[in-house]
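Notes to accompany the following structure.
Proteins come first, then strands; the chains are lettered A, B, ... in the order of their sequence lines, and each starts at number 1.
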2 protein chains.
Amino acid sequence: MITLKQLAQELKVSVSTVSKALSDSHEISAETKKKILALAKERNYIPNNTAVNLRRKQTKTVGVVIPNIFNHFYTKILHGIESEAKKSGYKTIITISNEKLQDEKESLEYFSNGSVDGILLAPSDETEKYKKIDHFLELRSKEIPFVFFDRFIDELPCDKVIIDDFDSAKNVIHFFEKNGMNDIAVISSIKNISTGKLRKQGVLSANKNLKIVELESEINLQDKVEELLKKEKVNAILCLDELSGVITLNIARKLKFKIPKELSIVSFNQGILSKYSFPRLTTINQHATQIGRESFQLLLNRLQDSKLEYQTKVLKTSLKFHKSTKNTL
Amino acid sequence: MITLKQLAQELKVSVSTVSKALSDSHEISAETKKKILALAKERNYIPNNTAVNLRRKQTKTVGVVIPNIFNHFYTKILHGIESEAKKSGYKTIITISNEKLQDEKESLEYFSNGSVDGILLAPSDETEKYKKIDHFLELRSKEIPFVFFDRFIDELPCDKVIIDDFDSAKNVIHFFEKNGMNDIAVISSIKNISTGKLRKQGVLSANKNLKIVELESEINLQDKVEELLKKEKVNAILCLDELSGVITLNIARKLKFKIPKELSIVSFNQGILSKYSFPRLTTINQHATQIGRESFQLLLNRLQDSKLEYQTKVLKTSLKFHKSTKNTL
DNA sequence: ATGAAAGCGCTAACAG
DNA sequence: CTGTTAGCGCTTTCAT
């Protein structure tokens, strides 16, 4: 790795002259600049990132903690963050909490050692469940800005980017009803997390008499759904997460329901599963990439001005109709 | 952010004493150590990562370039890398090439500024197609070690971790034949990439007379498969990538094929799609997490000894039977 | 227009 | 056992 010093020696000028020339300072004569630039190019000089960071006291890097990398929704958000960060000359370091509070804490601790200028995260399942916020407060005491995306903790005022879960869910119930489907079930495998709760509140605000199957994860979901479909009269189902959507669809087909004639299914969409389901699921599109982009922008704003008021961006969803839903309107 | 200097001042000792105490040096008396450790803990001292890196001339960070973050297979590899790296005290920086040569080059260039100690990557589709290796050679001239995973470039001797694509594919054809299925088709949407080519060679080594549908991406695949199934007599299909698998399954069901009675389907497995297909696809499991882990280990070995011979690790796949395949053996 | 010097926070060789 | 000093590679202030 070639350094400023080596360039300086070779040209018999001082290190500071080289440094200034490379940053196109007006202090340096055009001639000297040209000479220096030429050699730098020839030698393939790249400034040592670590040294620059140490000197500038900033890393031009953001840290991201996602709860689960196997969830396509989060990888899409990641993509949004990464591409947006790149545009502004920021790098992205990614860690995964695996929905564990402990892993999340460790990530934040690591990020706190000066590795990043700011943090983007969706709190883990555990963090939300136990409403743990100490580790976030510590971040704040260290003056490391952070932004929540997708999930958040009510008790903690902060910057966040979320979707309008409540309304999105409510509207689907209204849609079913307007289409004459009144035996409605709601299925969720994300009972604990904030988005799951909001969606549930949304459906209940539309109709108090829904059949609800709710679990903390997709384990056993298959059996519960089968039981529901066998015992109850149902002609419309809203699934609050994509895995529930696909599982419900498959169970319904196994039980020989005619879809969408006898049974309409709509699902919140987190990824790629619904796209390749058969028949293709009608989904509530969450625009994950945009969530990522907006989150990064929010962080960037705060990086530039730490005194800003905390901001919450709520993104709208869109209902994308496919073959799993009857639509007579 | 609290520094060594501040701790030193507060305790009226020198910076180096504090530094040594915190690294538990035998040079420091037990008493002084205790005092220093206590204050460090109280003040929540964390060594500044950037400074340590600059001093040590290493970053304890590896850079990863994946072609596509929407492919579950790569996120699994990522998970393997990240968790293994973490165990060895390494951080992971992730970039995405989007299958573009240019993006890949930019990532490597960025990594070359001293941000990482080594690099793990799967070359982009374009890189493989045009057999571009200049940017890898430049890495080598800068003495930054790198390891390929999943995909590789024949022309470049290097460390790599791959699966036994050739044999895995061949064996499935043999399996079909032993089960009396002789009208076999092979479907692929990964024509360009090394794994796709190897798998194709594998099936051809088993049987030269297969019906092959091969595309560069999944665009138009649907139509091509439909055409095949309508025109040709087929009772067994091997899909060389998961997307082909799921698409083929759905088309076959749309055309009312009885699966697996009339048609058996086996697919290479990259992710989560096949798991939630209906009926569930029989898959060739590629143990992605292990690919990630082994890749990191290979890189770690080279980081420790740059003189090692280049190594190629070939991981075995396993055939996981599900309902999409008839198995009479 | 150029250079000398200080310093970011840390480690480590060397001196005492 | 503790401290002094130098230096990683860079930027920036101040002097010339």
Listed nucleotide nearest any side-chain atom of B/A51, set D/dT4, D/dC10, C/dG9: C/dG9
Residue from A/E104, A/K105, A/K132 passing side chain to side chain donor-acceptor pair (under 3.5 Å) with A/T127: A/E104
Between P of C/dT11 and CG of B/N48, the distance in whole Å: 10 Å
Presence of B/Y45 side-chain N/O under 4.0 Å of C/dC10 phosphate oxygens OP1/OP2: yes
Gap between atoms CG and P, on B/D24 and C/dT11 respectively (whole Å): 14 Å
Among D/dT12, D/dT2, C/dG9, the one nearest A/S19 by side-chain distance: D/dT12
Atom pair distance, as rounded to whole Å: CD in A/Q58 and P in D/dC10: 17 Å
Under 4.0 angstrom between B/K57 side-chain N/O and D/dG7 OP1 or OP2: no
Distance in Å, A/T59 OG1 paired with A/L54 CG, rounded so as to fall on 0.5 Å steps: 12.0 Å
Pair of N/O donor and acceptor under 3.5 Å linking D/dG3 base with B/K20 side chain: yes
Distance, rounded to the nearest Å, where A/I28 contributes CD1 and C/dA1 contributes P: 8 Å
Length of the line joining A/H26:NE2 and C/dT2:C1', which is rounded to integer Å: 13 Å
Residues A/E82 and A/T92: side-chain donor-acceptor under 3.5 angstrom: no
Nucleotide nearest B/R56 (side chain, heavy atoms from C-beta), chosen from C/dT11, C/dC8, D/dG9: C/dT11
Short side-chain N/O contact to C/dG3 OP1/OP2 from A/S14, under 4.0 Å: yes
Sugar-phosphate only, base, or nothing, as touched by B/T32 at under 4.0 Å among non-hydrogen atoms: sugar-phosphate
Over 12 non-hydrogen atoms of neighbours within 6.0 angstrom of CD in A/E31: no
Closest-nucleotide 5' rank along DNA chain D - winner of A/E27 and A/L4: A/L4
A/K5 side-chain N/O to D/dG7 phosphate OP1/OP2 under 4.0 Å: no
Minimum-distance nucleotide (side-chain atoms of B/S29 versus D/dG9, C/dT11, D/dC1): D/dC1
Steps toward ring pair (Phe, Tyr, Trp, His ring centres under 6.0 Å) verdict (A/F146, A/F111): CA-CA 11 Å; A/F146 56 90; A/F111 285 151; over 10 Å; no
Touch class at under 4.0 angstrom, heavy-atom based, for A/V13 against every strand present: sugar-phosphate
Gap between atoms CE and P, on B/M1 and C/dC8 respectively (whole Å): 14 Å
Length of the line joining B/L7:CG and D/dG3:C1', which is rounded to integer Å: 17 Å
Comparing B/L54 and B/S16 on DNA chain D - which has the more 5′ nearest nucleotide: B/S16
Nucleotide D/dC8, atom C1' - distance to CG of B/N49 in whole Å: 15 Å
Nucleotide nearest A/T3 (side chain, heavy atoms from C-beta), chosen from C/dG3, C/dC8, D/dC10: D/dC10
Pair A/S14-A/S16, side-chain donor/acceptor within less than 3.5 Å: yes
